[in-house]
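Values reported hereafter were calculated over all heavy atoms of this structure, with side chains retained and with hydrogens, waters and symmetry mates removed. Computed from a prediction, not measured in an experiment: that's the story for all the values here.
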Amino acid sequence: MSNNSHKSLDEVHSSVNTSSKGGFRKLLAFIGPAYMISVGYMDPGNWATDIEGGSKYGYSLIWVLVMSNLIALLLQSHCIRLGVVSGRDLAQASKDHYSKFINYFLYVLAEIAIAACDLAEVVGMAIGIHLLFPSISILGGVCITVLDSFVLLFLLNAGIRKLEAFIISLVAIIGVSFFIQLLIAKPDIVEISKGLIPGFTNENALYIAIGIIGATVMPHNLYLHSSLVQTRQFERTPIEIKKAIRFNIIDSAVALNLALFVNAAILIIAATTFFNTGVEVTEIQDAHKMMAPMLGSTLAPLLFAIALIAAGQSSTVTGTLAGQVIMEGYLNLRLQPWIRRLLTRLIAIVPAFLTIYFLGEEKTGDLLVLSQVILSLQLGFAIIPLIHFVSNKKRMGEFTIPMWQKIASWISVSVIVFLNCQMLFNKVKEWLQDSEYALLIGIIVIPFMMLCLGILLYITFEPLFKKHKPKVSSQFHGDVPKIKFETPKAYSSIAVTVDFSSSDSKAINKAPQLGGKNAH
């Protein structure tokens, strides 16, 4: 199978017709993909980092959430542009552009990101089930989450609009739950506004902040969004392409700001409930347990558990779908949908099950925060190719991103990579001081980090040195376009110019051939 022979998410590609609609109805036809992306921004991994950030540092990290959301809006708009204009998702575009080695490396990192994301969703949903039904242990909840892979299979068979409706209803449950919890908590508005001022109190705050960025700007969402925008069918004219980009960006702005509200609500509730009372909480289940006595309401913890299950369920659907996009895009490998979804789920369940089984349920919070930091470490490898692709005049034509977006994108990715390098340096220094692991770190971790850094530098500067070779076709005569036979049009009236020479006879005799005997 050639690179271009299959479409992204083939079973739902161009399945929603938007051509016949106009005005507000056309906008409604484009609404949906961004809500499926937004659930990745409010999954259980976000809860863990937001709760820990709020309970340890109060409102001081709200600015990180706002900055992350602005970066997310910018990057998701690039995904929209790539998918709508080129008709390729990020994984397919990478496969078209990079060598086999780079593609395999990027694929492995993308799968690690999916596993880390799914790990957070599995653990989060298992905790939610345990909180709502205490008789079911977290370990039991992890096993139950295998079954929800088939929910996606059923919904996707029913059509992409049904799947989007399901996701939007879960997002609504999460939003309403946290709005009510905010009303119960009664946070201090003045203190919240102070949290918009950038700054870190210590190195641990940086670790949590990077976790928040990793939990907010998710690498797998970049792959998925560039695919989901292709589920809309529209005329491939410059005007309609511009409309499709604009409507999808409106969809993203609304959906991602809703995700910002949820994340901010979790952090604010944690700060109001725990930080202001001097209680430090790192576990989701501890936050749930202490909500009732501290807020004086039994409704808050119930809504908390319901929202957590909704977040886990919705996120796992989109995470599994992203896994399909990445595998098909990078490897051109198509598995049966139920096998692909079960495989993605098992990759996440195995480490979650082993961690909880051997280290105990009290380690789930650490596992969630670690999963988000792993996600953040993958970001550069997804964002940098994306920026290159949407800046490429040959690929995007008139739809290349404007200069201000290029500058903002490179500043964003530079901040993310710099924060990651600083955190990794601090962590490795801490690990090397522990003599028990010093040798292991020196032999395995540091060489792998150097390899990752080398590849990151390569994909950053590769377009500056790469010579664009003309595409050579594998066919003997090249890519021969299909011959289109046109039905001859019979003209009813034909004008013939004459110059009163011998050529007039030829011109007049040609006229009946164009219009037939009945032509005037």
Would you say the side chain of [Y] lies within less than 4.5 Å of the side chain of [X], judging by non-hydrogen atoms?
X      : Y      : value
Leu70  : Leu74  : no
Leu258 : Ser38  : no
Asn69  : Val66  : no
Ile241 : Val85  : yes
Thr18  : Gln233 : no
His220 : His225 : no

Worksheet item: Can you check side chain to side chain contact (heavy atoms under 4.5 Å, CB included) on Phe234 and Phe30, steps first, answer last?
Response: CA-CA 10 Å; Phe234 54 90; Phe30 278 96; 4.3 Å; yes
Heavy-atom closest contact ([X] atom, [Y] atom, distance):
X      : Y      : answer
Cys79  : Val229 : O-CG2, 4.4 Å
Leu61  : Gly53  : CD1-CA, 4.2 Å
Gln405 : Ile401 : OE1-CG2, 3.6 Å
Gly380 : Pro385 : O-CD, 4.0 Å
Arg161 : Ile31  : NH1-O, 2.7 Å
Ile249 : Ile80  : N-CD1, 3.8 Å

Discussion item. Looking at Arg232 and Glu240, is any side-chain nitrogen of the basic one under 4.0 Å from a carboxylate oxygen of the acidic one?
Written reply: no
[X] side, atom [atom1]; [Y] side, atom [atom2] - distance, nearest 0.5 Å:
X      : Y      : atom1 : atom2 : answer
Tyr223 : Gln92  : OH    : CD    : 12.0 Å
Asp50  : Ile268 : CG    : CD1   : 10.0 Å
Ile71  : Leu379 : CD1   : CG    : 9.0 Å
Leu106 : Ile326 : CG    : CD1   : 10.5 Å
Ser226 : Leu90  : OG    : CG    : 5.0 Å
Leu453 : Tyr458 : CG    : OH    : 15.5 Å

Worksheet item: How far apart are the C-alpha atoms of Gln230 and Lys7, what are their side-chain angles, what is the distance that settles it, and do they pass the side chain to side chain contact (heavy atoms under 4.5 Å, CB included) test?
Response: CA-CA 9 Å; Gln230 297 177 53; Lys7 295 169 182 174; 5.7 Å; no
Fill in: Residues which pass salt bridge (Lys or Arg N to Asp or Glu O under 4.0 Å) with Glu235, listed by chain and number, not counting sequence neighbours
none
Worksheet item: Given Leu82 and Arg395, is the side chain to side chain contact (heavy atoms under 4.5 Å, CB included) satisfied, shown in steps?
Response: CA-CA 9 Å; Leu82 178 67; Arg395 181 184 288 274; 4.0 Å; yes
Worksheet item: For Leu456, what residues pass the side-chain contact (heavy atoms from CB on, under 4.5 Å) criterion, not counting sequence neighbours?
Response: Phe381, Ile384, Val417, Ile459
Side-chain ([X]) to main-chain ([Y]) donor-acceptor, under 3.5 angstrom:
X      : Y      : result
Asn103 : Tyr98  : yes
Ser86  : Gly83  : no
Thr400 : Met396 : no

Practice prompt. Take Leu27 and Asp251 through the side chain to side chain contact (heavy atoms under 4.5 Å, CB included) test and state the conclusion after the steps.
Written response: CA-CA 8 Å; Leu27 173 61; Asp251 184 32; over 6 Å; no
Worksheet item: Going by the ring pair (Phe, Tyr, Trp, His ring centres under 6.0 Å) test, which pairs reach into residues 383-411, not counting sequence neighbours?
Response: His97-Phe389, His388-Trp410
Worksheet item: Would the number of heavy atoms belonging to other residues, nucleotides or ligands and lying under 6.0 Å from NZ of Lys162 be above 12?
Response: no
